[in-house]
Amino acid sequence: MTASIVGWAHTPFGKFDTETVESLVTRVANEAMADAGISAGDVDEIVLGHFNAGFSPQDFTASLVLQADPKLRFKPATRVENACATGSAAVHQGLRAIAAGAARIVLVVGVEQMTRTPSAEIGKNLLKASYLPEDGDTVGGFAGVFGKIASSYFQKYGDQSDALALIAAKNHKNGVANPFAQMRKDFGFDFCRAESEKNPYVAGPLKRTDCSLVSDGAAALVLADAETAKSMAKSIGFRATAHAQDFLPMSKRDILQFEGCTVAWQRALEKAGVTLSDLSFVETHDCFTVAELIEYEAMGLTPRGQGARAIKEGWTLKDGKLPVNPSGGLKAKGHPIGATGVSMHVMTAMQLAGQAPEGMQLKNAKLGGIFNMGGAAVANYVSVLEPLK
C-alpha cells in the first residue's frame, strides 16, 4: 500500500450558468484540503484532470488550481487527459508521484464544463475521443458510436432492450439518494423501456434514457503516502490499481469484448489478492447503458453474451450480490468528462468511510471496485479501495 485517499470534495453535477472551470476547480480544491485537514502549504504536487476538447475556451488549465490558495504557487502542477478516463488518469498520476517518492501529499482535481457549448458542437467535441479516420462522420456523435456497438451486440446476442431499460431504471433510482447527482428522478422501467416524445431513440437502439448527461462539475481528492495517512482522520487505501490501454480504432479489435476492461480488472484483482465476489460494490462507467451491460461480462460477472442475467436477476441492484453504481452512475449523476474518474473515487471512498449520503450508503461496505473508461474501451482504469481507518 503506497497511498490513501484522506480527503475529498464534490460539487453537484448539472448545468451551471454562473460557474466557470476556474470557479469549479478552486471550490473543490479548497474543500478537499479542508476535508483532509491540511493547508495548501502541505501539498507537494497537483494533478488536474481536464478533457476540454473545445468545451472551454481556456486551455492550459493546470495552473488554475493555484488560484485556490496563494500557498499553492510554485508547486508542481500538471494537467492530464485520457478521454472519459481523464479523472482516473489524474488519480493514477498522483499515486505514481507518491510511489516514486516525489511527493508525500498530492491534490488531485477533475473538472469539466460542457453545457455552455452549443448542442451541435457537443457531439463533435465528444467524437474527438474516437478514431476520426473511421468514426469522424458518425451521425449522432459519440452516442452514434455506442449505437453501433449496441446494434452489433443485439445482432449477435438478441434484442437486449429490456436489459438496457432495467440498467437505466436502476441507476436513475439509485441517483435519487445522491445529492450530487444531476438527475434525481426515479423514471421506472416502463418509461425507460418505451419510446416516447420524452424518450426518443437517439442512435441505433439507444434511447435518451440510455445515454449519460451533458454536465458541468468538479471533484477533488487528497492523496497521502502511507506514513502520512496514519495521522489523518480518515484513510481509504488503494488495495490495487491497473491501467490497460487498447487500440483506438475499433476495427483492430472485437468491440463487443471490451478486452481492455477485462485485462484491467484481471490485473487489479490479482494485485489485490481478491476475486470479484469479494467486492462489496462497483462504480462502473455507464456512459451508455450498453456499456454497463458489456462491462458486466468484461469484469467477469457473467459469461460473454449473458450480461442481461446480472440485471434481470437483480445481481447489480443495491441489495444484490454485487451492487453496481449505487451512486446512480454517469447515467443519473452526470458525466462532466474530466471530473468523472475523480468523482467515482470520491463516491467509492464515501461508501467505504461510511459517509455516503443517507439512502445511498451501503451496509458494511468493505471493498469497492472502480472501472473508468476512456473512449470505446480504449483507456481502461481499475481501482480497488478499502478503508484503513
- Item | More than 12 heavy atoms from other groups under 6.0 Å of NZ on Lys173 | no

- Item | Greater than 12 external heavy atoms within 6.0 Å of Glu195's CD | yes

- Message: Between Phe55 and Ile122, is the side chain to side chain contact (heavy atoms under 4.5 Å, CB included) condition met? List the steps.
- Response: CA-CA 8 Å; Phe55 285 115; Ile122 290 173; 4.1 Å; yes

- Query: Under 30°, 30 to 60°, or over 60°: which ring-plane class applies to His335 and His285, parallel, tilted or perpendicular?
  - Reply: perpendicular

- Message: For Arg104 and Ile98: C-alpha separation, side-chain torsions, deciding distance, then whether side chain to side chain contact (heavy atoms under 4.5 Å, CB included) applies.
- Response: CA-CA 6 Å; Arg104 184 176 57 92; Ile98 290 173; over 6 Å; no

- Message: Show the nearest heavy-atom pair for residues Phe51 and Glu112, with the distance to one decimal.
- Response: N-OE1, 3.0 Å

- Message: Can you confirm whether Asp137 is buried at CG, in the sense that more than 12 heavy atoms of other residues, nucleotides or ligands lie under 6.0 Å from that atom?
- Response: no

- Message: Assess, by modelled atom type and distance only, whether the side chains of Thr241 and Tyr381 contain a donor and an acceptor separated by less than 3.5 Å.
- Response: no

- Using atom types as modelled and distance alone, determine if a side-chain donor or acceptor of Asn82 lies under 3.5 Å from a backbone N or O of Thr86. no

- Query: So does Asp17 pair up with Arg116, basic N to acidic O under 4.0 Å?
  - Reply: no

- Query: Strictly by modelled atom types, are Glu292 and Asn171 linked by a side-chain donor-acceptor pair under 3.5 Å?
  - Reply: yes

- Query: Linking I/L/V/M/F/W/Y whenever their side-chain heavy atoms sit closer than 4.5 Å, directly or via other members, would Val378 and Phe142 fall into one cluster?
  - Reply: no

- Query: Is any side-chain heavy atom of Arg239 less than 4.5 Å from a side-chain heavy atom of Leu385?
  - Reply: no

- Task: Indicate the ring-plane relationship of Tyr153 and Tyr157, choosing parallel, tilted or perpendicular according to the 30° and 60° boundaries.
- Result: tilted

- Message: For a quick test of reading the model, state the closest non-hydrogen atom pair linking Ser151 to Pro205 and the distance between them.
- Response: OG-CD, 3.2 Å

- Task: Ignoring hydrogens and angles, state whether a donor on the side chain of Glu22 or Gln67 is under 3.5 Å from an acceptor on the partner side chain.
- Result: yes

- Criterion side chain to side chain donor-acceptor pair (under 3.5 Å) against Lys333, the qualifying member of Ser327, Ser212, Ser343: Ser343

- Pair Glu134-Ser251, side-chain donor/acceptor within less than 3.5 Å: yes

- Task: Answer yes if the side chains of Glu121 and Thr117 hold a donor-acceptor pair under 3.5 Å, and no otherwise.
- Result: no

- Task: Can you establish whether the number of heavy atoms outside Lys71 located under 6.0 Å from its atom NZ is more than 12?
- Result: no

- Task: Count the heavy atoms belonging to other residues, nucleotides or ligands that lie under 6.0 Å from NZ of Lys271, then report whether that count exceeds 12.
- Result: yes

- Got His243 and Ser88 here, is their nearest side-chain heavy-atom distance under 4.5 Å? no

- Message: Treating Thr11 as the side-chain partner and Ala218 as the backbone partner, does any N or O pair qualify as donor plus acceptor under 3.5 Å?
- Response: yes

- Passes side chain to side chain contact (heavy atoms under 4.5 Å, CB included), Thr78 versus Gln93? Steps please. CA-CA 9 Å; Thr78 308; Gln93 187 71 16; 6.0 Å; no

- Item | Minimum heavy-atom distance Ser4-Ser235, with the two atoms named | OG-OG, 3.0 Å

- Query: Ignoring hydrogens and geometry, is there a side-chain-to-backbone donor-acceptor pair from Arg79 to His50 under 3.5 Å?
  - Reply: yes

- Message: Please check this pair: side chain of Lys389 against backbone of Met232, looking for a donor-acceptor N/O pair closer than 3.5 Å.
- Response: yes

- Do you see a donor-acceptor pair shorter than 3.5 Å between the side chains of Thr348 and Glu283? no

- Query: Are side-chain heavy atoms of Val384 and Leu279 found at a separation under 4.5 Å?
  - Reply: yes

- Task: Take the angle between the ring planes of Phe288 and Phe146 and call it parallel below 30°, perpendicular above 60°, tilted in between.
- Result: parallel

- Message: Is it the case that atom CZ in Phe247 sees more than 12 heavy atoms from other parts of the structure closer than 6.0 Å?
- Response: no

- Message: Strictly distance-based, threshold 3.5 Å: is any side-chain N or O of Asp69 a donor or acceptor partner for the main-chain N or O of Ala40?
- Response: no

- Heavy-atom distance under 4.5 Å between the side chains of Gln257 and Arg304, does that happen here? yes

- Decide, yes or no, whether a salt bridge links Lys234 with Asp35 under the criterion of side-chain N to carboxylate O below 4.0 Å. yes

- Identify the two heavy atoms, one from Gly41 and one from Lys75, that lie closest to each other, and give their separation to 0.1 Å. O-NZ, 3.1 Å

- Task: Report yes if some heavy atom in the side chain of Pro326 is under 4.5 Å from a heavy atom in the side chain of Gln351; otherwise report no.
- Result: yes

- For the pair Asn199 and Ser196, evaluate side chain to side chain donor-acceptor pair (under 3.5 Å) and give the outcome as yes or no after the intermediate values. CA-CA 5 Å; Asn199 191 28; Ser196 65; 5.2 Å; no

- Item | Backbone N/O of Leu132 and side chain of Asp135: donor-acceptor pair under 3.5 Å | no

- Distance-only polar pair, side chains of Asp216 and Gln182, donor-acceptor under 3.5 Å: no

- Message: Do Phe16 and Val111 sit in one hydrophobic cluster, given that two such residues count as connected whenever their side-chain heavy atoms are within less than 4.5 Å of each other, even indirectly?
- Response: no

- Query: When you measure from the side chain of Asn174 to the backbone N and O of Asn325, does any donor-acceptor pair fall under 3.5 Å?
  - Reply: yes

- Item | Presence of salt bridge, Arg193 and Asp162, under 4.0 angstrom | yes

- Could you pull out the closest heavy-atom pair between Ile337 and Ala83, with the gap in Å? CG2-O, 3.5 Å

- Task: Would you confirm whether Lys124, through its side chain, and Gly54, through its main-chain N or O, come within 3.5 Å as a donor-acceptor pair?
- Result: no

- Residue pair Phe281 / Val324, side-chain heavy-atom distance below 4.5 Å: no

- Hey, is NZ on Lys312 packed in by over 12 heavy atoms from elsewhere, all under 6.0 Å? yes

- Any side-chain heavy atom of Leu276 sitting closer than 4.5 Å to one from Trp265? yes

- Tightest non-hydrogen contact, residues Ala365 and Leu352, listed as O-CD2, 3.6 Å

- Report yes if the side chains of Ile236 and Leu388 come closer than 4.5 Å at any heavy-atom pair, otherwise no. no

- Is a donor on one side and an acceptor on the other found under 3.5 Å between the side chain of Lys331 and the backbone of His172? no

